[in-house]
Number of protein chains: 2
Amino acid sequence: MSQPATQESPAPRAEFAVSVDLTAVVVAVTDDQPRVLIVRPAEVSTGERLDALPSGPLELGHRTLESGLRAWVEAQARAKLGYIEQLYTFGDRDRTALKVPTGRILSIGYLALARETGAAAANTSWQDWYRYFPWEDWRRGRPSILDRLEPTLRAWVAAGPSRVEQTTRKTRISVAFGLDGARWSEERVLERYELLYEIGLAFEAHRDGSPTGCAQSDVPTEAQPMTADHRRILATGIARLRGKIKYRPVVFELMPPAFTLLQLQRTVEALAGLRLHKQNFRRLVAQQGLVEETGGIVTGTGGRPAREVRFRHEVLIERPAPGLRLPIAR
Amino acid sequence: MSQPATQESPAPRAEFAVSVDLTAVVVAVTDDQPRVLIVRPAEVSTGERLDALPSGPLELGHRTLESGLRAWVEAQARAKLGYIEQLYTFGDRDRTALKVPTGRILSIGYLALARETGAAAANTSWQDWYRYFPWEDWRRGRPSILDRLEPTLRAWVAAGPSRVEQTTRKTRISVAFGLDGARWSEERVLERYELLYEIGLAFEAHRDGSPTGCAQSDVPTEAQPMTADHRRILATGIARLRGKIKYRPVVFELMPPAFTLLQLQRTVEALAGLRLHKQNFRRLVAQQGLVEETGGIVTGTGGRPAREVRFRHEVLIERPAPGLRLPIAR
DNA sequence: TTTCTTATGCTCAAGATTAGCATAATAGGC
DNA sequence: GCCTATTATGCTAATCTTGAGCATAAGAAA
């Protein structure tokens, strides 16, 4: 056993070649659709042109990981990023089509929020994120693709090698996909994707040569795969964002400076993939003091004109961490 | 601008040497104190013997990052880890005493929960985490060290180069440290440490040669520093755990199989660094169905004997994701 | 036996949530 | 100009949740 790396250790030992990719999930909401910035690789070797997230290798010149990411994305998309947060670092040896016997590729995933600007740069485009996860959009009711996935999920449960394993599998699909009486939980995006990968219902599992529980022909064609582990990173980003909008005022990073309450609601609905109760949504926003009136009135909404509001930046100081509470003694 | 890394790209390019350290915050609670597994480096070169978290380099043999971490920690501490989750990946070029002009050290931090077993392995020990963050323990009221820190914080505010910057700084210290009427928020552990580092009230800032706003003599001596960026990783772990206990039943990973409600409360209090309201805490635990009676009675508590309870594992299936809710339309 | 300490049951008021109904104000078709 | 569809917004009743506390039970220590 070698010594742990400490302050006193010598220069980093290159046990093997590690290459670090900084990968971004850049989100915007336009026309009530959640969009993600996509890069189409210019080089085609296999004939497959898989969508990719903007990314690039960590370089010596990057002072911090975040500044490196910013540099790559801003160069590729010619857009300025606002809010950024790190998501997760992926480094499974076998979760890629590209097997490197002497090295390893790490992907450090980031979530960034932006406002879609008119023209995307060459080779980039904004894509509806439900293109990659059609089962995640419940705004018009339960997505029909779930009916097509369910038989394969059930078959995988039945194929469990033991009773105990079958029970475990049943619980997993019930909780993840809201089956057998369980409630759909919009935040379990990554859990669902990982389960589909494991079962073999994600194209990437077959591409990577991972062991799967079903045939490649069972993979639904309407769900677009992505290059490398990018769909996994995107799932992580969506899950994080869906969780975060509930306790931090991050939605406003996606809104124009002034907007109506319905626009705000539609944006949250687009992200959560759910319809929300209008009156209660408004009360929630009002009582938290998240917005203030600009004084403007927006007509042409097809009904009574709406008041125009803007984000109250003061809330960041006033109520910096809403969220849950412990029963604190005072 | 080079091409983004994609599935089709060749073997990873070693732009420069990247070495990846897997670092663990291993937490246990014993005698109502939150403890963290610490490694004392055997090699001493500078005369300083700084505490370190268990860690080791990512190696080719590690199938996943998590299994690599598990291997390192279990070898160093001779203990099995239970719950594990990834925290964050740190890679700031200049946040270490060790400047590597041709490479970079990444630290991937993990949080692991354990039960303290009798004897720690040689070179390892369990340390109270408030040894590194004495301002975080409010169980016996406001920690006095805050009185000693406050003048330097105020001086840093006053030293802001502009009125705007001074206001920003004032808000930052108020929110982070619960000054000027703001409420103490137990989750802002990392924010507080980062602010102290920036101001120069953390030893590590002086060690790293980072620009600081105060003299090294202002650094409080009762707060133990750590090697490399380990105190930053520990702060991240504490913050994550303090947040997580509110919406996931992770505390039970730290409890013995059977325990009393007061023991459970003291454990949560140890982690949160706060005193909790007893009756309300019990009601919370009861109404969520988190525990069930074992039938046992524990005497010798210094008062009326307590019922013995155990964690109800079924809750993981029944209520898989409590947390906040959006006003969903049904 | 008294006193202290902890365990546990119960209550009350305030606040937040869920699920509605009702009314106001515009656009568009006739 | 009038009716209707559509959206905006105000208001309410029932239900849950939370904060704070009182009262009693049952051991341990003096």
Side-chain angles (χ1 to χ4, degrees), chain A residues 31-32 139 183 245-247 258-269 272 274-310 315 318-319 321-330, chain B residues 31-32 139 183-184 186 245-247 258-269 272 274-310 319 321-330:
Chain A
D31 300 331
D32 301 337
R139 286 177 294 173
R183 184 96 135 256
I245 46 175
K246 293 176 191 169
Y247 60 94
F259 48 89
T260 69
L261 289 176
L262 188 61
Q263 280 171 15
L264 182 64
Q265 182 180 342
R266 291 281 178 255
T267 302
V268 174
E269 287 176 338
L274 292 172
R275 280 253 164 257
L276 303 181
H277 186 284
K278 184 167 181 167
Q279 288 81 355
N280 292 344
F281 178 80
R282 282 154 179 267
R283 187 166 37 86
L284 209 74
V285 171
Q287 90 183 11
Q288 296 195 99
L290 291 173
V291 300
E292 62 193 359
E293 297 190 32
T294 62
I297 296 282
V298 180
T299 60
T301 55
R304 174 175 171 171
R307 290 170 309 155
E308 197 181 52
V309 297
R310 64 174 156 245
V315 295
E318 291 166 18
R319 1 183 324 108
L324 303 196
R325 271 164 306 193
L326 291 166
I328 296 168
R330 258 170 261 152
Chain B
D31 299 334
D32 301 338
R139 286 177 294 173
R183 187 96 132 254
W184 176 262
E186 80 284 355
I245 47 175
K246 292 175 191 169
Y247 60 95
F259 48 88
T260 69
L261 290 174
L262 187 60
Q263 280 170 14
L264 182 65
Q265 181 180 341
R266 293 282 178 254
T267 302
V268 174
E269 287 177 339
L274 292 172
R275 280 254 163 254
L276 303 181
H277 186 283
K278 184 169 182 168
Q279 288 81 353
N280 292 343
F281 177 79
R282 281 155 179 266
R283 187 179 45 191
L284 209 74
V285 171
Q287 87 183 11
Q288 297 195 105
L290 291 174
V291 300
E292 63 194 359
E293 297 190 32
T294 62
I297 296 283
V298 180
T299 60
T301 54
R304 174 175 172 171
R307 291 171 307 155
E308 199 182 49
V309 298
R310 63 174 156 247
R319 4 182 322 108
L324 303 196
R325 272 165 306 194
L326 291 167
I328 296 169
R330 258 170 263 158

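Note that the coordinates shown come from a computational prediction; the quantities given were computed from them, not determined experimentally. All chains are named by letter (A, B, ...) in the order of the sequence lines, taking the proteins before the strands, and each is independently numbered beginning at 1.
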From the options C:dA16, D:dA20, C:dA7, select the nucleotide whose nearest atom is closest to the side chain of B:A306.
C:dA7

List the residues meeting side-chain contact (heavy atoms from CB on, under 4.5 Å) with B:Q279, not counting sequence neighbours, and say none if there are none.
B:H277

Using whole Å, report how far CD of B:Q287 lies from P of D:dT15.
18 Å

Which of the following nucleotides, C:dT8, D:dT18, C:dA19, is nearest to the side chain of B:L261?
C:dT8

Given D:dT7, C:dT17, C:dA7, which nucleotide is nearest the side-chain atoms of B:L262?
C:dA7

Would you kindly give the CG-to-C1' distance between B:N280 and C:dC10, to the nearest whole Å?
12 Å

Once you round it to whole Å, what is the distance between P of C:dA13 and CZ of B:R283?
15 Å

In whole angstroms, the gap separating C1' of D:dT9 from CD of A:Q265 amounts to 13 Å

Roughly how many Å is it from CG in A:L276 to P in C:dA19, rounded to a whole number?
13 Å

Table of protein N/O atoms under 3.5 Å from nucleotides 21-25 of chain C N/O atoms:
unit_1: C:dC21; atom_1: N4; unit_2: A:Q279; atom_2: NE2; d: 3.4
unit_1: C:dA24; atom_1: O4'; unit_2: A:R304; atom_2: NH1; d: 3.3
unit_1: C:dA24; atom_1: N3; unit_2: A:R304; atom_2: NH1; d: 3.3
unit_1: C:dA25; atom_1: N3; unit_2: A:R304; atom_2: N; d: 3.3

Please state how far atom CZ in A:R282 lies from atom C1' in D:dT12, giving the value in whole angstrom units.
18 Å

Let me know the distance between CZ of A:F281 and P of D:dT9, rounded to the nearest Å.
13 Å

Can you check whether A:K278 has a side-chain N or O nearer than 4.0 Å to OP1 or OP2 of D:dT7?
no

Main-chain N/O of B:R307 paired to B:E293 side chain as donor or acceptor, under 3.5 Å:
no

Take atom CD1 of B:I297 and atom C1' of C:dT6, then tell me their distance rounded to the nearest Å.
13 Å

Less than 4.5 Å apart, side chain to side chain, heavy atoms only: is that true for B:V309 and B:L290?
no

Across all chains, not counting sequence neighbours, the side chain to side chain donor-acceptor pair (under 3.5 Å) partners of A:Q263 are none

D:dT9, D:dT18, D:dG21: which one has an atom nearest the side-chain heavy atoms of B:H277?
D:dG21

Can you tell if the side chain of B:F281 reaches within under 4.5 Å of the side chain of B:V268, non-hydrogen atoms only?
yes

Answer yes or no: is there a donor N or O on one side and an acceptor on the other, between the side chain of A:T294 and the main chain of A:E308, under 3.5 Å?
yes

Is A:E269 salt-bridged to A:R139, going by a charged N under 4.0 Å from an acidic O?
no

